[in-house]
Amino acid sequence: MGLGLFGYEPEGATVNVFERPYDDPVRVLDEHGAVVGDVPDLEESDLLAVYRYMRIARHFDGRAVSLQRQGRMGTYPPLSGQEAAQVGSAYALGADDWIVPSYREHAAALVRGIPLTQTLLYWMGHEDGNRAPEDVNVLPVAVPIASQVPHAMGAAWASKLRDEDAVVCCYFGDGATSEGDFHEGVNFAGVFDTPNVFFCNNNQWAISVPRERQTRSETLAQKAEAYGIDGVQVDGMDPLAVYAVTKAAVEKARDPDPDRPRPTLIEAVQYRFGAHTTADDPTVYRDDDEVETWRRKDPIPRLESYLRTEGILDDGRVASIESDVEAQVAAAIDEAESMVRPEPRELFEHAYAALPTELERQFEALEALREKHGDAAFLEE
Amino acid sequence: MGLGLFGYEPEGATVNVFERPYDDPVRVLDEHGAVVGDVPDLEESDLLAVYRYMRIARHFDGRAVSLQRQGRMGTYPPLSGQEAAQVGSAYALGADDWIVPSYREHAAALVRGIPLTQTLLYWMGHEDGNRAPEDVNVLPVAVPIASQVPHAMGAAWASKLRDEDAVVCCYFGDGATSEGDFHEGVNFAGVFDTPNVFFCNNNQWAISVPRERQTRSETLAQKAEAYGIDGVQVDGMDPLAVYAVTKAAVEKARDPDPDRPRPTLIEAVQYRFGAHTTADDPTVYRDDDEVETWRRKDPIPRLESYLRTEGILDDGRVASIESDVEAQVAAAIDEAESMVRPEPRELFEHAYAALPTELERQFEALEALREKHGDAAFLEE
Amino acid sequence: MSETQNLTLVQAVRDALYTEMQLDEEVIVLGQDVGKNGGVFRATEGLFEEFGGDRVVDTPLAESGIVGCAVGMAAMGMRPVPEIQFSGFMYPSYDQIVSHMARFRARSRGRFTLPMTLRAPYGGGIRAPEHHSESKEAFYVHEAGLKVVMPSTPYDTKGLLISAIRDPDPVIFLEPKLIYRAFRGEVPEEDYTVPIGEAVTRREGEDVTVFTYGAMARPTLEAAESLTEEGIDAEVVDLRTVSPLDREAIVDAFKRTGRAVVVHEAPKTGGLAGEITAIIQEEALLYQEAPVTRVTGFDVPYPLYALEDYYLPSVTRIEEGIREAVEF
Amino acid sequence: MSETQNLTLVQAVRDALYTEMQLDEEVIVLGQDVGKNGGVFRATEGLFEEFGGDRVVDTPLAESGIVGCAVGMAAMGMRPVPEIQFSGFMYPSYDQIVSHMARFRARSRGRFTLPMTLRAPYGGGIRAPEHHSESKEAFYVHEAGLKVVMPSTPYDTKGLLISAIRDPDPVIFLEPKLIYRAFRGEVPEEDYTVPIGEAVTRREGEDVTVFTYGAMARPTLEAAESLTEEGIDAEVVDLRTVSPLDREAIVDAFKRTGRAVVVHEAPKTGGLAGEITAIIQEEALLYQEAPVTRVTGFDVPYPLYALEDYYLPSVTRIEEGIREAVEF
Ligand SMILES: Cc1ncc(C[n+]2csc(CCOP(=O)(O)OP(=O)(O)O)c2C)c(N)n1
Ligand SMILES: Cc1ncc(C[n+]2csc(CCOP(=O)(O)OP(=O)(O)O)c2C)c(N)n1
Ligand SMILES: [Mg+2]
Ligand SMILES: [Mg+2]
């Protein structure tokens with residue numbers, strides 16, 4: 001397998017990423033990008049892709065926040081600081097694998113094939129933004145916290161029952177671990193030994209509630225004990241460590257070792273640099289100092305510095321990536337903003353496979369009113 | 001404190017009941033009643049009381065099952081085999097402490113002061129059976145599995161916030177640990193460090209679903225890890241071990257050690273000898289052999305044999321306890337059966353503190369119908 | 001004509017499951033005690049032996065987990081049929097039901113559909129403990145995206161359950177446990193469907209139309225029969241599906257008599273009788289000759305069994321309700 | 001007369017909490033982000049600083065835990081006021097609400113009562129993400145043992161919330177977040193109560209009676225005002241409490257005009273408009289001159305914000321509904 005110290009080694013090596021103490025996070029790069037662990041076996045093009053995705057995510061995030069400020073988009077949940085966790089993990093999945101996101105996984109979704117335009121549309125209030133293209137294995141955004149965890153388990157169970165290879169990676173936050181659905185979903189995964197990766201984005205805060213207030217357990221990774229599955233902590237701001245750990249978990253889920261559970265709970269320790277959403281003011285509940293401390297762990301300069309050291313990046317390539325990224329995000333925004341407001345029919349269209357008569361009538365009544373009064377009759381205020 | 005090896009020793013002894021491996025259950029008496037651990041410091045009268053309560057519970061259980069068979073009672077959940085866990089734990093509580101039961105804790109409720117007559121009435125379908133006498137600190141029977149766990153946490157929190165001394169002991173089964181409410185309630189207890197004892201009656205089965213199918217974790221006690229609280233396994237068919245462990249947990253909850261969490265999760269390993277309820281046929285899903293193996297651990301002969309060895313019991317005292325117990329249970333049955341069917345007004349009486357007009361009208365309509373047609377109008381079929 | 005069997009309602013449930021599991025590998029049954037034990041009401045009896053533990057699955061005791069994982073399986077195109085042991089234990093999964101099961105299609109604009117059927121026995125009258133007698137169909141009818149079916153005969157049960165399992169949308173299938181074994185009916189051995197969303201007239205009548213469904217269909221028919229002695233000729237319409245309601249059938253049947261009674265065991269306030277009344281008066285007020293009478297459970301928690309006979313609509317109460325509508 | 005302040009509706013919420021916490025030590029506020037953050041809508045702003053972390057408590061992210069532990073505290077005689085951040089996130093606690101909060105008194109025959117108040121902002125129109133715009137009061141109205149309050153003015157909000165906190169029974173207090181800051185009103189500084197269960201007439205009128213509550217009260221009043229130009233004189237009744245409904249007020253107000261419209265943003269089928277219609281026709285059919293018109297949300301999942309204006313009853317839609325009732 002070649003993942004060395006961090007790898008999942010079915011041959012029975014004694015040092016195994018799943019046998020570390022829960023409070024000893026897997027690390028590959030330190031805060032300055034110096035190598036402090038086993039570098040996963042990635043091609044140069046892959047390393048560049050990871051870097052590039054993180055840059056897109058960061059730039060997208062900034063643009064989205066300002067679109068919201070300008071009234072061109074609704075409430076938006078920023079992800080800055082969390083790029084490594086999202087990109088590193090999503091990049092470790094195979095083509096047929098699935099992700100089951102919460103509402104903040106724009107970068108993971110992008111890696112898995114959701115166009116930026118759709119993410120924008122979604123936060124601009126268009127239902128279409130939540131429709132993954134046919135060949136993209138991403139379940140819709142789940143807003144009720146932790147409610148997607150049982151879905152991920154069920155999807156993985158379907159894969160197992162059908163003798164398919166797909167592994168299902170579920171994202172959720174530190175706050176989500178307090179919900180009953182987290183417990184029930186992960187427990188099911190243990191019992192039915194489903195090919196799941198439960199990826200916890202521990203960004204230290206659930207809106208204003210700090211991690212210590214969610215639970216008294218020292219780590220979130222150790223919650224795996226309650227389900228008899230593997231649990232591991234990783235430096236969630238180290239894209240290579242996240243990649244390595246997720247890869248190991250995915251491989252174990254796909255090709256199970258008879259002695260190990262297929263499911264893994266990964267706690268990716270990280271920080272959200274910005275507000276919870278554009279509706280939130282984090283200065284009310286947390287100190288600038290804390291933010292500064294975590295900003296020093298920023299995953300992007302970290303990987304960039306490593307890639308520069310390795311000779312994979314230099315000023316010129318960085319500049320060209322930068323302008324590509326800007327162009328790509330700008331194009332997505334243009335496209336999203338050029339979409340027309342959906343037709344009212346869309347309210348009804350997908351409630352059922354075939355519209356019940358009463359809904360047809362309600363739609364007709366709406367149309368009659370539009371006919372009579374025009375759209376202004378609804379859009380007032 | 002004097003509990004020795006099993007005790008909670010705030011002075012900082014190194015061997016502590018809460019620092020055992022999760023899969024090493026606390027034991028005091030072996031299956032034959034021989035002493036294999038530290039006997040808790042109990043007066044002779046207390047030992048006899050524990051014995052006597054267990055005998056009442058066993059006898060009551062048999063009578064209740066036959067009342068149901070004879071159509072004199074509704075569905076009833078038997079507890080035979082589980083007397084030690086219920087009596088040993090309830091007996092360890094202080095006068096002001098509370099219990100929060102599920103539906104099978106008739107023996108624990110009895111120890112805490114719920115008259116047998118009320119338990120009978122409840123299973124005979126009378127609401128009054130669920131009204132604890134004013135001075136009895138027992139919450140009503142909770143039928144939805146695990147839903148009482150957050151209540152127990154809230155009650156303990158109230159005690160803490162009011163600077164009171166009461167500890168709250170919550171009972172639930174092995175199956176209950178799979179529910180979200182177990183997770184949420186125990187997690188809250190960890191975070192708010194409430195004076196709680198979470199007492200899991202692991203009787204190996206949740207109706208037909210075996211313990212191994214509930215969760216992949218090796219023990220239920222280890223689920224405490226997920227909440228940063230203490231977890232301990234105890235031989236749930238050893239009344240003295242149950243007493244000792246519960247006592248330690250209660251004392252820790254009441255007089256907290258700054259270095260330890262107040263809440264404890266106790267897994268009492270035990271077996272239900274009979275059916276899940278009188279509506280269940282366990283032969284469909286479990287082997288007689290298994291039942292036989294566990295019957296050998298029967299808590300009653302075990303304690304009896306210890307008490308005989310200690311000279312506390314002899315044939316004469318056993319016989320006199322036996323006839324007392326029979327008389328007591330018979331009297332309770334007579335009393336319960338002499339209760340008249342509640343009046344229909346009882347349907348409405350306690351829905352609200354003051355009956356809303358519409359409910360008053362609904363009641364009047366019911367009475368008018370009774371007036372006109374007599375009770376037969378409702379009781380047909 | 002195909003062979004028929006003489007089955008109870010619960011046997012018809014089992015037969016429908018068996019039939020669909022035979023025909024479609026993607027159908028799996030999951031829930032508490034549905035496997036080796038065959039279900040606490042024997043609705044899944046023998047399926048575990050027939051189809052094995054991968055298709056008839058005993059789950060941990062966690063309703064939100066059961067419904068939630070079925071959502072995930074269904075999103076992948078399987079046809080899970082989760083069972084909740086009693087409808088009173090559906091509430092822990094309420095978020096999964098209303099936030100996900102109902103909305104996955106709309107949320108994903110049809111990319112993901114949920115061909116799942118959530119079964120649960122509902123209703124009172126069996127001398128059961130607390131929470132085992134609930135009839136809260138209104139909780140699901142108010143949420144768009146769900147279909148809610150409540151059969152009253154073995155024939156309908158099999159046909160409707162097969163329709164539910166084949167339906168591209170999620171269906172909640174509430175089974176009247178009071179009449180699980182109350183009587184038998186002829187049920188074809190083959191697979192057949194009864195369409196979801198169609199009411200059926202169980203008894204024709206001239207004077208008044210009585211709407212009901214599920215376990216209340218029998219006492220309602222009994223009341224209608226017995227009132228012929230008093231010269232009252234009541235029509236009885238069995239709704240069978242409570243969401244979406246068969247508005248056309250309701251309005252047509254009402255217009256023929258101008259008088260209506262709705263019978264259900266759910267509490268009155270916020271129950272379906274109110275909705276049906278509203279439909280009638282919004283579409284047929286000018287035909288209305290009397291107020292719609294609601295014969296329902298009372299607005300109180302369902303009692304323990306010593307008082308349940310007073311709670312449930314009895315034949316006498318239904319008769320009174322019909323008289324009231326006729327005599328107005 | 002006591003001093004008054006000019007407050008928004010959300011400030012009135014805060015003021016009620018502040019007032020009761022001052023007066024009664026047993027009142028505690030708990031929920032997600034209610035502490036240091038002062039609530040995502042600032043409904044608990046400053047309370048943490050004033051009363052400390054033992055009485056204004058940030059909880060873990062677990063709704064069933066929040067409601068369930070409040071049940072336990074209330075059973076011990078405290079008066080907890082749990083907040084659920086949005087009413088669309090009450091569903092994970094649905095079992096605690098309907099199986100316990102509603103039934104503890106009845107179950108224990110009055111030994112244990114639950115003087116708790118569950119607060120949640122409800123309703124649409126604020127351009128919020130999915131699940132943040134729900135109006136599903138009907139889910140709670142169908143369960144006996146609960147009271148459900150939905151205020152529409154700052155004055156009522158403070159008075160009703162104080163009543164709720166003092167009520168011996170559990171109250172669900174749904175706050176119209178659309179109008180949290182839409183306008184201000186005079187609110188006494190002292191403690192005062194507005195009785196739960198009493199509707200109020202907001203506008204007298206001769207031709208038709210319009211029933212509404214919560215956030216829809218404003219557009220309804222606006223529609224009523226604007227229709228005077230057409231010579232239509234509409235009465236507007238604000239229900240304020242939706243469980244128990246003020247049947248007397250509903251029936252009396254209806255009898256005066258013989259025509260009614262019910263306006264709510266909840267979906268139509270199974271919504272309160274149906275129940276109100278049923279009440280009217282069961283008590284006042286002979287006064288009825290037109291079908292009761294329901295102006296409600298549609299029977300679809302609440303849309304993302306690009307379409308929400310089409311979903312919510314607008315002034316124009318309400319006007320049309322009133323015209324329909326008047327012109328029938
Ligand atoms: C069931 C539910 N309760 C409450 C909310 C409101 N809410 C949205 S995000 C959030 C905090 C989530 O914290 P966490 O799980 O740590 O994820 P993060 O936002 O930090 O990524 C809350 C309380 C919700 N969406 N769903
Ligand atoms: C929420 C809920 N789901 C299902 C049931 C039905 N039911 C009653 S007891 C039981 C098994 C409980 O097992 P366990 O927790 O181990 O307790 P035990 O009965 O063994 O004491 C089930 C599934 C219920 N009462 N509540
Ligand atoms: Mg977080
Ligand atoms: Mg058990």
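Chain letters run A, B, ... following the sequence lines, proteins first, then strands; residues in each count from 1. Excluded from the calculations below are hydrogen atoms, water molecules and symmetry mates; all remaining heavy atoms, backbone and side chain alike, are included. Everything quoted here is computed from the prediction, not taken from an experiment.
- Between the side chain of Glu127(B) and the backbone N or O of Leu304(C), at least one donor-acceptor pair lies under 3.5 Å.
- Atom OH of Tyr311(C) sits about 14.0 Å away from atom CZ of Phe378(B), to the nearest 0.5 Å.
- Looking at His126(B), both its backbone and its side chain come within 4.5 Å of chain C, counting heavy atoms on both sides.
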>> Does His132(C) form a side chain to side chain contact (heavy atoms under 4.5 Å, CB included) with Val143(B)? I'd like the steps, not just the answer.
In response: CA-CA 9 Å; His132(C) 288 69; Val143(B) 170; 3.6 Å; yes

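- Asp299(C) contributes atom CG, which lies 15.0 Å from atom CZ of Phe363(B) (distance to the nearest 0.5 angstrom).
- Remark: Glu218(B) CD is loosely packed, at most 12 non-hydrogen atoms of other residues, nucleotides or ligands lying under 6.0 Å away.
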> side chain to side chain contact (heavy atoms under 4.5 Å, CB included) between Gln214(B) and Leu61(C): does it pass, once the steps are laid out?
Replying inline: CA-CA 7 Å; Gln214(B) 284 302 333; Leu61(C) 211 174; 3.8 Å; yes

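- Interatomic distance, Thr269(C) OG1 to Gln362(B) CD, rounded to the nearest 0.5 Å: 6.0 Å.
- Rounded to the nearest 0.5 Å, atoms OH (Tyr122(B)) and CD (Glu130(C)) are 5.0 Å apart.
- Side chain of Arg213(B) to main chain of Pro60(C): no donor-acceptor pair is present (N/O by atom type, distance under 3.5 Å, no hydrogens or angles).
- For a residue to count as touching a neighbouring chain, one of its non-hydrogen atoms must lie under 4.5 Å from one of that chain's; by this rule Phe182(B) does not touch chain C.
- The candidate from Val284(B), Val209(B), Ile207(B) with the greatest count of non-hydrogen atom pairs under 4.5 Å with chain C is Ile207(B).
- For chain B, no part of Glu45(C) is nearby; none of its heavy atoms comes within less than 4.5 Å.
- Other residues, nucleotides and ligands place no more than 12 heavy atoms under 6.0 Å from the CD atom of Glu229(C).
- Atom OH of residue Tyr91(C) and atom OG of residue Ser147(B) lie 13.0 Å apart, to the nearest 0.5 angstrom.
- Of the two parts of Glu346(B), the backbone and the side chain both hold a non-hydrogen atom closer than 4.5 Å to a non-hydrogen atom of chain C.
- Few gaps surround CD on Glu327(C); more than 12 heavy atoms of other groups in view lie less than 6.0 Å from it.
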>> Evaluate Arg341(B) against Tyr310(C) for side chain to side chain contact (heavy atoms under 4.5 Å, CB included), listing each step before the verdict.
In response: CA-CA 12 Å; Arg341(B) 182 198 276 268; Tyr310(C) 293 101; 4.3 Å; yes

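- Contacts of Arg294(C) with chain B are absent, with no heavy-atom separation under 4.5 Å from either backbone or side chain.
- When Gly173(B), Gly125(B), Gly175(B) are compared by the number of non-hydrogen pairs under 4.5 Å with chain C, Gly125(B) comes out ahead.
- For Thr75(B) (side chain) and Ala128(C) (main-chain N/O), no donor-acceptor pair under 3.5 Å exists by modelled atom type.
- Contact record, Leu347(B) with Pro303(C): CD2-CG, 3.3 Å, taken as the closest heavy-atom pair.
- Of the listed residues Pro144(B), Ala351(B), Ala365(B), the one with more heavy-atom pairs under 4.5 angstrom with chain C than any other is Pro144(B).
- Atom-to-atom distance recorded for Phe298(C):CZ and Arg361(B):CZ is 12.5 Å, nearest 0.5 angstrom.
- Side-chain polar atoms of Asp33(C) and Tyr285(B) form no donor-acceptor pair below 3.5 angstrom.
- Proximity to chain B (any heavy atom under 4.5 Å) is shown, for Glu308(C), by neither the backbone nor the side chain.
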> Stepwise, does the side chain to side chain contact (heavy atoms under 4.5 Å, CB included) test hold for His373(B) with Arg317(C)?
Replying inline: CA-CA 10 Å; His373(B) 299 279; Arg317(C) 266 180 75 199; over 6 Å; no

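- Residue with the most contacts toward chain B among Val40(C), Leu307(C), Asp58(C): Leu307(C) (heavy-atom pairs, distance under 4.5 Å).
- Ranked by heavy-atom pairs shorter than 4.5 Å toward chain B, the options Glu63(C), Glu319(C), Gln32(C) are led by Glu63(C).
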